[in-house]
**Student:** 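Please find one structure pasted underneath; my questions will follow.
As the structure lists them, so they are numbered: ligands from 1, and atoms in each ligand from 1. This structure is a prediction, so every number in the text was calculated from the model and none was measured.
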Amino acid sequence: MALQEGQLQLFVQPQVDMMGRVVSVEALVRWQHPLNGMIDPTEFIPVAEDTGLVVPLGDWMLEQTCQLLNDPRMQQGGYRVSVNVSALQFQQAGFVRKLQELIQRTGVDASRLTLEVTESLLLQEVEQTIQKMVSLRALGVHFALDDFGTGYSSLAYLMRLPIQEIKLDQTFIHDLTPQSHGAVLVEALLMVAKGRALRVVAEGVEHKAQAQLLQAWEPGILCQGYLFSRPLPASEWLQAPDLSGPQALRTW
Ligand code: C2E
Ligand code: MG
Ligand code: MG
């Protein structure tokens, strides 16, 4: 298995504010296959979900994320880290205890850790899910609702979750122009977020015009996308976390 054979790698992608400063990163898994090269998670996460392997994979990512948070360069920059948690992983009976132990063992400041969840969490018993999130909030961790706007749940239902952040899905960002239908929707979602005092991250920002439009609507928005940086090996990003290094695209 890839995990036992040390073939998984921790990549990160920066999230920047309107001044172009890196505020946080999202941790993304990569599989360095000995024969097939680097494999993206879109190819293997669905299989890992079906086989249950997403649970040990997610544990590994949480461990890596805490180690990253403990890097002195991370602490110096005050960066936060977000990590994806699959519904299956979240629903494990021992998830809260496991995370609590990890936080204690690594000594990380849990308030700099964000767990990215999707609305697939709501397919299970909702009250129980909310209870679990509340227990995790008590440890200090934040919650982000990933791929926001792509699912089937009603907004009222989603807003029952004790989240601190929403991540606007890239499908809304791709053809974003001031006149597009998507623009009306994004503006409405930003108003919802404002009303709830939620942090907003826009995913898949590839063009300067998209970033400018989003920032004009919501100056506090964070942008994540190829415009600023592709996902990089965490060790590489740590060499120049402010994106001033040679790996930075610097096109904005
Ligand atoms: P996600 O959490 O929504 O992550 C964002 C995805 O968008 C990443 O794909 C990222 O590389 C990609 N992306 C970022 N900026 C741009 C852009 O400007 N344009 C375009 N076209 N794409 C952009 P990635 O790394 O392939 O991950 C895909 C999905 O796999 C993630 O979507 C997440 O759902 C899942 N995933 C990744 N790592 C993990 C993990 O450690 N655990 C779990 N359970 N799922 C993971
Ligand atoms: Mg994510
Ligand atoms: Mg997403």
**Student:** Among the N, O or S atoms of Asp146, which one sits nearest to the Mg ion (ligand 3)?
**Tutor:**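 In Asp146, the heteroatom (N, O or S) nearest the Mg ion (ligand 3) is OD1.
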
**Student:** Between the Mg ion (ligand 2) and Glu26, is there an N, O or S atom separated by less than 2.8 Å?
**Tutor:**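 For Glu26, the answer is yes, given that an N, O or S atom comes within less than 2.8 Å of the Mg ion (ligand 2).
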
**Student:** Could you walk me through whether Val200 and Leu190 satisfy the side chain to side chain contact (heavy atoms under 4.5 Å, CB included) test, starting with their C-alpha distance in whole Å, then the side-chain angles of each, then the deciding distance to 0.1 Å, before giving a yes or no?
**Tutor:** CA-CA 8 Å; Val200 182; Leu190 288 175; 3.8 Å; yes

**Student:** Where the closest heavy atom to atom 26 (O) of ligand 1 is concerned, which of Gly58, Gly204, Pro41 has it?
**Tutor:**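 Among Gly58, Gly204, Pro41, the closest heavy atom to atom 26 (O) of ligand 1 comes from Pro41.
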
**Student:** Same hydrophobic cluster for Val201 and Leu155, using side-chain heavy-atom links shorter than 4.5 Å among ILVMFWY?
**Tutor:**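 Shared cluster, no.
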
**Student:** Please work out whether the ring planes of Phe95 and Phe90 are parallel, tilted or perpendicular, with thresholds of 30° and 60°.
**Tutor:**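 Taking Phe90 first and then Phe95, their aromatic rings sit tilted (interplane angle of 30° to 60°).
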
**Student:** Give the atoms of ligand 1, by number and element, whose distance to some non-hydrogen atom of Glu206 is under 4.0 Å.
**Tutor:**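 Near Glu206, the atoms of ligand 1 are 17 (C), 18 (O), 19 (N), 20 (C), 21 (N).
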
**Student:** Near the Mg ion (ligand 3), is there an N/O/S atom from Glu116 that is less than 2.8 Å away?
**Tutor:**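 So Glu116 does not bind the Mg ion (ligand 3) by this criterion.
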
**Student:** Decide, counting backbone as well as side-chain atoms, whether Glu203 has an N, O or S atom less than 2.8 Å from the Mg ion (ligand 3).
**Tutor:**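 Coordinating: yes.
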
**Student:** Answer side chain, backbone, both or neither: which part of Val205 comes under 4.0 Å from ligand 1, heavy atoms only.
**Tutor:**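 It is the backbone that gets close, since no side chain atom is under 4.0 Å.
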
**Student:** Do Phe143 and Pro162 make a side-chain contact, defined as non-hydrogen atoms from C-beta onward lying under 4.5 Å apart?
**Tutor:**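 Not touching, per the 4.5 Å side-chain cut-off.
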
**Student:** Show me which atoms of ligand 1 lie under 4.0 Å from any heavy atom of Ser86.
**Tutor:**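 Answer, ordered by atom number: 44 (N).
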
**Student:** Is it true that Ser111 and Asp109 share a donor-acceptor pair across their side chains at a distance under 3.5 Å?
**Tutor:**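 On atom types as modelled, these side chains qualify, holding a pair under 3.5 Å.
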
**Student:** For the pair Asp40 and Arg30, evaluate salt bridge (charged side-chain N to carboxylate O under 4.0 Å, His left out) and give the outcome as yes or no after the intermediate values.
**Tutor:** CA-CA 6 Å; Asp40 276 350; Arg30 291 289 180 272; 3.5 Å; yes

**Student:** Which part of Glu203 is near ligand 1, with near meaning a heavy atom under 4.0 Å away: side chain, backbone, both or neither?
**Tutor:**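 Within the 4.0 Å criterion, Glu203 contacts ligand 1 through side-chain atoms alone.
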
**Student:** Can you tell me if Asp147 has an N, O or S atom under 2.8 Å away from the Mg ion (ligand 2)?
**Tutor:**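 Short answer: no, not a single N, O or S atom is under the cut-off.
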
**Student:** Which of the atoms of ligand 1 are close to Gln13, meaning less than 4.0 Å from one of its heavy atoms?
**Tutor:**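 The list of qualifying atoms is 10 (C), 14 (C), 15 (N).
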
**Student:** Under 4.0 Å from a heavy atom of Asp147: which atoms of ligand 1 are those, numbered in the order shown and with their elements?
**Tutor:**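 Matching atoms, with element in brackets: 3 (O).
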
**Student:** Could you go through Asn84 and Leu28, starting from their C-alpha distance and side-chain angles, then the distance that decides it, and tell me whether this counts as side chain to side chain contact (heavy atoms under 4.5 Å, CB included)?
**Tutor:** CA-CA 8 Å; Asn84 297 285; Leu28 294 160; 3.8 Å; yes

**Student:** Taking heavy atoms and a distance under 4.0 Å, where does Gln89 meet ligand 1: side chain, backbone, both or neither?
**Tutor:**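 None of Gln89 does.
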
**Student:** Please check if a non-hydrogen protein atom sits closer than 4.0 Å to atom 9 (O) of ligand 1.
**Tutor:**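 No; the ligand atom in question lacks any protein heavy-atom contact below 4.0 Å.
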
**Student:** I want to confirm something. Looking only at heavy atoms, which of Thr150, Ile45, Leu227 is nearest to atom 43 (C) of ligand 1?
**Tutor:**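 Among Thr150, Ile45, Leu227, the closest heavy atom to atom 43 (C) of ligand 1 comes from Ile45.
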
**Student:** Specify whether an N/O/S atom of Ser82 falls short of 2.8 Å from the Mg ion (ligand 2).
**Tutor:**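 Short answer: no, not a single N, O or S atom is under the cut-off.
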
**Student:** If you measure only the distance, is there a donor-acceptor pair under 3.5 Å linking the side chains of Gln91 and Lys132?
**Tutor:**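 No, no side-chain donor-acceptor pair sits under 3.5 Å.
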
**Student:** Please work out which of Leu62, Leu8, Leu28, Asn84 has its closest non-hydrogen atom nearest to atom 34 (O) of ligand 1.
**Tutor:**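 It is Asn84 that holds the nearest heavy atom.
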
**Student:** Do Gln15 and Glu26 meet the criterion of a side-chain donor-acceptor pair at a distance under 3.5 Å?
**Tutor:**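 Distance-only check fails for Gln15 and Glu26.
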
**Student:** Please report whether ligand 1 has a polar contact with Thr42, defined as an N or O pair separated by less than 3.5 Å (distance criterion only).
**Tutor:**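 N/O-N/O distance below 3.5 Å does not exist for this pair.
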
**Student:** With a 4.0 Å cut-off on heavy atoms, is Pro231 touching ligand 1?
**Tutor:**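 Contact present.
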
**Student:** I'd like to check atom 32 (O) of ligand 1 in this structure: does the protein have a heavy atom lying under 4.0 Å from it?
**Tutor:**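 Protein heavy atoms within 4.0 Å of atom 32 (O) of ligand 1 - there are none.
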
**Student:** Whether the side chain of Arg73 engages the backbone of Pro241 through a donor-acceptor N/O pair (distance < 3.5 Å, no angle test) should be reported.
**Tutor:**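 Here the side-chain-to-backbone pair does not exist.
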
**Student:** Answer yes or no: does an N/O atom from Arg30 fall short of 3.5 Å to an N/O atom of ligand 1?
**Tutor:**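 Between Arg30 and ligand 1, an N or O pair is found under 3.5 Å apart.
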
**Student:** So do the side chains of Thr42 and Ile45 get within less than 4.5 Å of each other, counting heavy atoms only?
**Tutor:**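 When only atoms from C-beta onward are counted, Ile45 and Thr42 do not touch, as no gap falls below 4.5 Å.
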
**Student:** Stepwise, does the side chain to side chain contact (heavy atoms under 4.5 Å, CB included) test hold for Asp147 with Glu119?
**Tutor:** CA-CA 9 Å; Asp147 307 333; Glu119 65 167 272; over 6 Å; no

